[in-house]
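If you read the sequence from its start, that first residue is 1, and numbering goes on from there. Only this structure's heavy atoms are used, side chains among them; waters, hydrogens and symmetry mates stay out.
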Amino acid sequence: MKLNDIIKNIKPGHIIGSTEIDVTGINIDSRRITQGHLFVAMRGTQVDGHQFIAKAIEQGANSILCETLPQDIVEGVTYIVVPSSEDAVSKVATLFYGNPSKKLKLVGVTGTNGKTTIATLLYNMFRKMGHKCGLLSTVCNYIEDEAIPASHTTPDAIELNKLLNAMVEAGCEYAFMECSSHAIAQKRIGGLTFAGGLFSNLTRDHLDYHQTFENYRDAKKSFFDSLPKSAFAITNADDKNGMVMVQNCKANIKTYSTKKMADFKAHIIECHFEGMYLEIDQHEVGVQFIGKFNVSNLLAVYGAAVMLGKQPADVLLAMSTLRSVSGRLDPITSPQGYTAIVDYAHTPDALENVLNAIHEVLEGKGKVITVCGAGGNRDKGKRPLMAQEAAKQSDRVIITSDNPRFEEPQDIINDMLAGLDQEQMKKTISIADRREAIRTACMMAEKGDVILIAGKGHEDYQEIKGVKHHFDDKEVVREMMQ
């Protein structure tokens, strides 16, 4: 593809060299550059890509998109100077890959909790209905049956368009994707055309990056601000920020709720660890999920499917066959008669939701033992809040290591314990070794009790000092139950 065609949607401040050259690929990683590529120099939070322009040219780049020209201009290489590489890269990638999002019905899901569940359930539902679909999520990306490992909740703009283009080539009609606050703020989804957007909820998270809750909220809101009139926007009316999200939205706005009047409404009829019996828009349906927060997730899925043109009865039939996403309220029953639940809950609100769901089923007939930690090199302010939430709703609490990254596990644990009062400390112990913490919880549990192992869910590793070591909560708890 000609460079001139790739850059026609951006406004360069300066160009050196010819734009009539052929470009064979685009990359932001100089190590992946090959002959004929366009290298986009990005200013990241850790590394400035401008430092690797010479390396990219050495690797075969014939064109450079950058914010600042390098000191040494190489003859035969074209340089395009733009005010913001971050803003330009999504527009360039969209054109290079043939604007794939316009050839799909692309639905984005944003919010603090529930993104993975909602996007994955939509993907599974529409496949059950006979459609070819793609999925972009925290757990894994899928092009129909083909699994493509995910390193980020939302890939960078180039990888994103590449994946969407592959979905188009595979004949996919729909694509469902998580839109993280980082991806929105960094304009990774800029240039994409969405058929619809969903908002789940908003609680404290990622303040290490966004600095303030307002910045975090506004990043999510900007996704809805950018939706076209042709799209739909479905928001959670039960969340205090639900209507804030769609204040300036041009799309067709719909609401869902478990508590008040809304376009899509539901309530729980019965609840067990095996699932719930719900009434959704005056229709009864059995589902293989538990917890009020999952009722909200299912309502978002139901609303999106209806807005995409599906009949309510067909949607509910498909919904009744869906199963929980890996690492989200995954129950494992022991031979001794207690239940362990593995869940990804890694924010105070998510922990509250999961513990509420457990209590809804237990109805005071068993103890709750919670094993949880907090990630290193992330928002420290949520650590004491998570410990408080665990202590508030558990009979026993074991504070342990999560993904300490480059922090000392005991320092993270101490930050969590600092949030507890004397009474809460009496039922709390700390064990830095996560395997030992899970083993101890299993030793404490009796018939009818529930162990919640929170924080990692689907993850099968622990990240320590930059190295990922194999660790799967589900594997470990099954081992301890033997």
Side-chain angles (χ1 to χ4, degrees), residues 1-101 151-165 180-192 208-211 215 219 222 226 377 406 466:
M1 190 173 187
K2 295 292 183 186
L3 178 59
N4 196 43
D5 294 326
I6 298 171
I7 64 170
K8 66 182 179 183
N9 281 353
I10 63 173
K11 296 178 180 178
H14 187 47
I15 297 176
I16 296 176
S18 172
T19 59
E20 289 300 319
I21 57 174
D22 289 314
V23 171
T24 57
I26 310 175
N27 228 302
I28 60 173
D29 186 341
S30 61
R31 295 166 297 184
R32 297 169 67 182
I33 292 288
T34 59
Q35 197 64 41
H37 273 203
L38 165 65
F39 175 64
V40 183
M42 303 280 290
R43 298 194 193 277
T45 54
Q46 305 293 326
V47 179
D48 185 352
H50 289 75
Q51 299 173 17
F52 303 101
I53 290 175
K55 175 68 176 175
I57 293 170
E58 188 181 306
Q59 293 276 106
N62 64 1
S63 47
I64 307 293
L65 192 151
C66 56
E67 295 175 15
T68 308
L69 283 170
Q71 285 187 333
D72 298 322
I73 301 298
V74 178
E75 191 175 342
V77 174
T78 301
Y79 298 83
I80 305 109
V81 183
V82 292
S84 168
S85 298
E86 189 175 79
D87 185 53
V89 66
S90 57
K91 296 172 183 175
V92 166
T94 298
L95 283 176
F96 182 79
Y97 285 104
N99 216 337
S101 62
S151 57
H152 293 83
T153 298
T154 312
D156 67 67
I158 297 169
E159 187 64 22
L160 188 49
N161 277 279
K162 185 177 180 181
L163 284 166
L164 290 171
N165 184 56
S180 70
S181 58
H182 291 74
I184 298 166
Q186 294 168 7
K187 301 178 182 176
R188 287 185 232 157
I189 61 172
L192 298 185
D208 53 303
Y209 176 81
H210 295 286
Q211 301 301 313
N215 289 344
S222 67
S226 66
N377 303 107
F406 290 96

Distance col, row F52:CZ vs D29:CG, nearest 0.5 angstrom, shows 9.0 Å
One should read off an interatomic distance between N9 CG and N99 CG, to the nearest 0.5 angstrom, of 8.5 Å
Without swapping roles, check the side chain of S90 against the backbone of R188 for a donor-acceptor pair under 3.5 Å.
no
Check your understanding: Side-chain contact, heavy-atom cut-off 4.5 Å: T68 with R43?
Key -> yes
Taking every heavy atom of S101 against every heavy atom of G191, the minimum-distance pair comes out as OG-O, 4.3 Å
Note: I33 and A56 closest approach over all heavy atoms is CG2-O, 3.5 Å
When rounded to the nearest 0.5 Å, the distance separating CG of L164 from CG of L160 is 5.0 Å
(message) Can a donor-acceptor pair be found, under 3.5 Å and without considering hydrogens, that links the side chain of N161 to the backbone of A157?
(response) yes
So CZ of F96 and CD1 of I158: to nearest 0.5 Å the spacing works out to 9.5 Å
Q. Quick check: does any side chain N or O of H50 sit under 3.5 Å from a backbone N or O of C66, one acting as donor and the other as acceptor?
A. no
Value for CD (Q46) from CG (D48), rounded to nearest 0.5 Å, stands at 12.5 Å
Exercise for the section: Find out whether P70 and Y79 are in side-chain contact, i.e. whether some heavy atom of one side chain is under 4.5 Å from a heavy atom of the other. Expected result: yes
Surrounding CD of Q71 (heavy atoms of other residues, nucleotides or ligands, distance under 6.0 Å), is the total greater than 12?
no
Just so I know, are the side chains of V82 and I80 near enough to count as touching, which here means a heavy-atom distance under 4.5 Å? yes
Q. Mind checking whether T24 and L38 have side chains closer than 4.5 Å, heavy atoms only?
A. no
ask   = Below 4.5 Å, heavy atoms only, C-beta onward: do M42 and V89 meet side chain to side chain?
value = yes
Nearest heavy-atom approach of S222 to I184 is OG-CG2, 3.1 Å
Working for side-chain contact (heavy atoms from CB on, under 4.5 Å), residues I64 and V77:
CA-CA 7 Å; I64 307 293; V77 174; 3.9 Å; yes
Test item: K91 side-chain N/O and I10 main-chain N/O as donor-acceptor pair under 3.5 Å:
no
ask   = Does a side-chain heavy-atom distance below 4.5 Å link V81 with L65?
value = no
Taken to the nearest 0.5 Å, the spacing of N27 CG from K162 NZ works out to 8.0 Å
Exercise. Does S30 reach the side chain of F39, with side-chain heavy atoms less than 4.5 Å apart?
Worked result: yes
**Asked** Is there a side-chain contact between K2 and D22 (heavy atoms, below 4.5 Å)?
**Response** yes
query: Counting only N and O atoms by type, is there a donor-acceptor contact under 3.5 Å from the side chain of T78 to the main-chain atoms of T19?
result: no
Residues M1 and L95: closest non-hydrogen pair is CE-O, 3.4 Å
